[in-house]
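Notes for the one structure printed next.
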Amino acid sequence: MKKTILLAAPLGLLAFYGTSQVTAQPDECESMMSMPTCQDGNRININNNGNKVAPPNLCVDPGETITVSVSPDGTSASIEGKDGGWPNGSGSSFTLVAPDSGTYDYNVHFSDGSCLDPRIRVRD
């Protein structure tokens, strides 16, 4: 009888309160395997509906401002450098200022919890 009560009590609490939804961030983002040639520009477009980043491989000059736009309106996304450094930002639209030359791999986290790993190359 005591064993039944010990088993029924936690199950009853679980049934009463339900389970919580937890969305975990993946340890590694989906690789953009066929990375196209670096594209000149100063904009990154993130689309939450299709989980896309355009361009996936951006080329900029040091000190250049990059505008990041997230669609559709009312949604947001975040960018974080793979090594914890640059680039880093979040929101429905934000700007980044390119640092010194180098290749910067980063993760884009979409509103559904998935992510991709595009890159930015800052020219010499």
Side-chain angles (χ1 to χ4, degrees):
M1 180 72 174
K2 289 181 183 181
K3 289 181 185 177
T4 305
I5 292 173
L6 290 175
L7 181 60
L11 291 176
L13 287 173
L14 183 61
F16 181 75
Y17 287 106
T19 59
S20 63
Q21 297 291 330
V22 176
T23 304
Q25 297 282 342
D27 288 338
E28 290 196 25
C29 293
E30 182 180 337
S31 176
M32 300 183 82
M33 295 299 285
S34 59
M35 190 65 70
T37 303
C38 186
Q39 296 176 333
D40 290 335
N42 62 358
R43 293 188 67 81
I44 296 173
N45 296 306
I46 299 172
N47 186 319
N48 274 311
N49 283 346
N51 291 359
K52 296 187 189 281
V53 177
N57 189 1
L58 180 67
C59 279
V60 296
D61 293 318
E64 189 170 350
T65 299
I66 302 165
T67 302
V68 180
S69 300
V70 181
S71 63
D73 289 340
T75 64
S76 64
S78 66
I79 289 177
E80 66 179 28
K82 288 233 183 215
D83 62 1
W86 192 85
N88 194 351
S90 64
S92 58
S93 126
F94 51 97
T95 59
L96 305 167
V97 177
D100 293 331
S101 65
T103 300
Y104 298 88
D105 290 328
Y106 64 100
N107 293 327
V108 173
H109 294 276
F110 298 99
S111 58
D112 69 358
S114 65
C115 63
L116 289 175
D117 70 338
R119 80 174 52 119
I120 298 172
R121 186 170 72 82
V122 180
R123 295 184 274 260
D124 293 329

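Index from 1, following the sequence.
- For the atom pair Asp73 CG and Ser92 OG, the distance stands at 8.0 Å (nearest 0.5 Å).
- Under the 4.5 Å side-chain criterion, counting only non-hydrogen atoms from C-beta, Phe110 is in contact with Leu116.
- Between atom CG of residue Asn49 and atom CG of residue Asp112 there is a gap of 10.0 Å, rounded to the nearest 0.5 Å.
- Rounding to the nearest 0.5 Å gives a distance of 10.0 Å between CZ of Arg119 and OH of Tyr106.
- With sequence neighbours excluded, the residues that form a side chain to side chain donor-acceptor pair (under 3.5 Å) with Arg123 are Asp40, Asp61.
- For the pair Pro87 and Ile79, the tightest heavy-atom approach, listed with the atom from each and the gap, is CG-CG2, 3.7 Å.
- Two residues are said to be in side-chain contact when any heavy atoms from C-beta on lie closer than 4.5 Å; Thr65 and Thr95 meet this criterion.
- Annotation: side chain of Val108 is in contact with side chain of Pro118 (closest heavy-atom distance under 4.5 Å).
- Atom CH2 in Trp86 sits 4.0 Å away from atom CD1 in Ile120 (nearest 0.5 Å).
- Within the model, atoms CG of Leu58 and CD1 of Ile66 stand 5.5 Å from one another, a figure rounded to the nearest 0.5 Å.
- Contact annotation: the side chain of Ile44 approaches that of Val53 to within less than 4.5 Å [non-hydrogen atoms, C-beta and beyond].
- Counting heavy atoms of neighbouring residues, nucleotides and ligands inside a 6.0 Å radius, atom CG of Asp83 exceeds 12 of them.
- Residue Ser78 comes nearest to Ser90 through the heavy atom pair CB-CB, 3.6 Å, listed as atom of the first residue, atom of the second, then distance.
- Residues Asn107 and Lys82 have side chains in contact (heavy-atom distance under 4.5 Å, counting atoms from C-beta outward).
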Side chain to side chain contact (heavy atoms under 4.5 Å, CB included) between Val122 and Asp100, intermediate numbers included | CA-CA 7 Å; Val122 180; Asp100 293 331; over 6 Å; no
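- Atom SG in Cys59 sits 12.5 Å away from atom CG in Asn42 (nearest 0.5 Å).
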Under the side-chain hydrogen bond (donor to acceptor under 3.5 Å, both in side chains) criterion, do Arg43 and Ser69 qualify, and how do the steps go?
-> CA-CA 8 Å; Arg43 293 188 67 81; Ser69 300; 2.7 Å; yes
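- Closest non-hydrogen pair, Ala77 versus Ile46, comes out as CB-CG2, 3.9 Å.
- Counting heavy atoms from C-beta outward, Cys29 and His109 have side chains that approach closer than 4.5 Å.
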